[in-house]
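To start, the structure itself, in structure tokens.
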Amino acid sequence: TEMIKAFCQLVIKNKEKEFWRDKINCRLSPNTQVLLDYESALEEIVGKQSPVERLGPRQTQNRFVMVFCEFIELIVEEKRPLVLFLDDIQWIDDLSLSLLGQLINMQEPYLFIITAFRDKQKEIPPELSELGAIDNIQKGLIKKLDLSGLSLKSVEEQLSVMLKLKSDEANVWESSAGGTFTVTPIE
């Protein structure tokens, strides 16, 4: 929903509501309401929509994935590339997993997806392998980067700048071991 909100803000700021109203409704109708159910800010652009047919849970999920992917195809182009950053995908739910798989399989040239996975917190869910990640890594479509904790020097430099301390006063390394989310002051 944050991506759709940001899109709406950009469209309103650039005074392109009519252009996008026509484009979105033409492409997504009669399913535009599906996106409005997840992000109501889009209504300011597309207007009031007719309710969509009620479906079972699985069909509703599939329809959302289909409509969201169509929306992405509609808004992404060379002049408007899109970067999606999905953090903590080790906790990914079924809907998000299905959506991520479809977005990857679209192979949209102006869609760049970045995911972060903390493999030390939880084992890799077997569902992630269903995305064809291994095949896509071998094809060069997906790049894997292993990031380690920050070095002692980096932590001390960042803290000394942020807290206006001398570098020897910014000693938090022992408690955090360089973990970016666990750097805490030692008293």
Side-chain angles (χ1 to χ4, degrees), residues 1-118 124-145:
T1 63
E2 291 303 314
M3 192 269 321
I4 296 173
K5 268 187 208 172
F7 169 79
C8 293
Q9 291 169 351
L10 192 60
V11 166
I12 292 166
K13 178 183 168 196
N14 293 337
K15 299 179 174 142
E16 298 175 323
K17 284 184 357 181
E18 287 181 32
F19 170 79
W20 284 106
R21 176 181 297 120
D22 294 342
K23 197 167 180 172
I24 291 169
N25 284 330
C26 182
R27 175 80 180 261
L28 301 182
S29 187
N31 291 312
T32 310
Q33 182 62 43
V34 170
L35 291 181
L36 292 177
D37 290 342
Y38 284 88
E39 183 48 64
S40 59
L42 190 58
E43 186 174 334
E44 187 174 345
I45 294 167
V46 297
K48 199 99 168 123
Q49 299 293 311
S50 300
V52 292
E53 178 186 352
R54 293 184 65 77
L55 302 172
R58 188 70 176 153
Q59 292 87 357
T60 300
Q61 188 176 31
N62 290 341
R63 178 174 56 192
F64 172 76
V65 169
M66 178 195 73
V67 172
F68 190 85
C69 287
E70 284 185 44
F71 178 70
I72 294 296
E73 286 177 339
L74 181 70
I75 67 170
V76 174
E77 60 182 39
E78 186 176 8
K79 292 183 273 182
R80 266 188 323 280
L82 177 64
V83 177
L84 290 178
F85 177 75
L86 307 171
D87 196 11
D88 289 329
I89 66 165
Q90 72 273 13
W91 307 115
I92 198 165
D93 61 74
D94 289 341
L95 175 60
S96 300
L97 180 66
S98 177
L99 180 57
L100 179 58
Q102 288 298 315
L103 291 171
I104 289 170
N105 289 328
M106 285 170 47
Q107 296 184 11
E108 173 63 51
Y110 303 107
L111 173 63
F112 186 62
I113 302 170
I114 301 171
T115 62
F117 181 88
R118 288 163 187 39
I124 297 172
E127 299 86 11
L128 288 176
S129 64
E130 293 175 15
L131 297 179
I134 301 301
D135 293 339
N136 285 323
I137 288 171
Q138 291 170 343
K139 292 177 190 172
L141 298 173
I142 295 178
K143 304 282 187 227
K144 181 180 181 214
L145 300 173

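When reading the values below, keep in mind they use all heavy atoms of this one structure, side chains included, and skip hydrogens, waters and symmetry mates. Just so you know, these numbers come straight off a predicted model, no measurement behind them.
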Query - Test side chain to side chain contact (heavy atoms under 4.5 Å, CB included) applied to Asn31 and Met66, Glu53, Glu70, the passing residue - result: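 Single pass found, and it is Met66.
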Can you name the residues that form a salt bridge (charged side-chain N to carboxylate O under 4.0 Å, His left out) with [X], not counting sequence neighbours?
X	result
Arg63	none
Arg58	none
Glu2	Lys5

For [X] and [Y], work out which heavy atoms get closest and say how close.
X	Y	answer
Met3	Leu82	SD-CD2, 3.9 Å
Met106	Glu73	CE-CG, 3.4 Å
Val67	Leu28	O-CD2, 4.0 Å
Leu103	Phe68	CD1-CE2, 4.4 Å
Gln61	Asp94	NE2-C, 3.5 Å

Rounded to the nearest 0.5 Å, how far apart are [atom1] of [X] and [atom2] of [Y]?
X	Y	atom1	atom2	answer
Ile72	Leu84	CD1	CG	5.5 Å
Glu77	Tyr110	CD	OH	9.5 Å
Arg80	Leu10	CZ	CG	9.0 Å
Thr32	Arg27	OG1	CZ	11.5 Å
Asp22	Glu16	CG	CD	12.5 Å
Gln102	Leu97	CD	CG	10.5 Å

Donor-acceptor list for residues 34-44 side chains, cut-off 3.5 Å, not counting sequence neighbours:
| unit_1 | atom_1 | unit_2 | atom_2 | d |
| --- | --- | --- | --- | --- |
| Asp37 | OD1 | Gln33 | NE2 | 2.7 |
| Glu39 | OE2 | Ala41 | N | 3.1 |

Report task. Kindly indicate, with the supporting measurements, whether the criterion side-chain contact (heavy atoms from CB on, under 4.5 Å) is fulfilled by Cys69 and Leu99. Result -> CA-CA 8 Å; Cys69 287; Leu99 180 57; 4.1 Å; yes
**Report entry** Residues, nucleotides or ligands: over 12 heavy atoms within 6.0 Å of Phe112 CZ
**Finding:**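 Counting other residues, nucleotides and ligands, CZ of Phe112 stays at 12 neighbours or fewer.
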**Report entry** Residues that Ser96 engages under side-chain hydrogen bond (donor to acceptor under 3.5 Å, both in side chains), provided they are two or more places apart
**Finding:**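 By the side-chain hydrogen bond (donor to acceptor under 3.5 Å, both in side chains) rule, Ser96 matches Asp93.
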Report task. Using modelled atom types only, decide if a donor and an acceptor are shared between the side chain of Asn25 and the backbone of Val46 within a distance under 3.5 Å. Result -> yes
Report task. Please check if the side chain of Thr115 supplies one atom and the backbone of Leu86 the other of a donor-acceptor pair under 3.5 Å. Result -> no
**Report entry** Sequence-distant partners of Phe71, ring pair (Phe, Tyr, Trp, His ring centres under 6.0 Å), two or more places apart
**Finding:**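 For Phe71, the residues satisfying ring pair (Phe, Tyr, Trp, His ring centres under 6.0 Å) (neighbours in sequence not counted) are Phe7.
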Query raised in the report: When you check the gap from the basic side-chain N to the acidic O, do Glu18 and Arg21 get nearer than 4.0 Å?
Result: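 Salt bridge: no.
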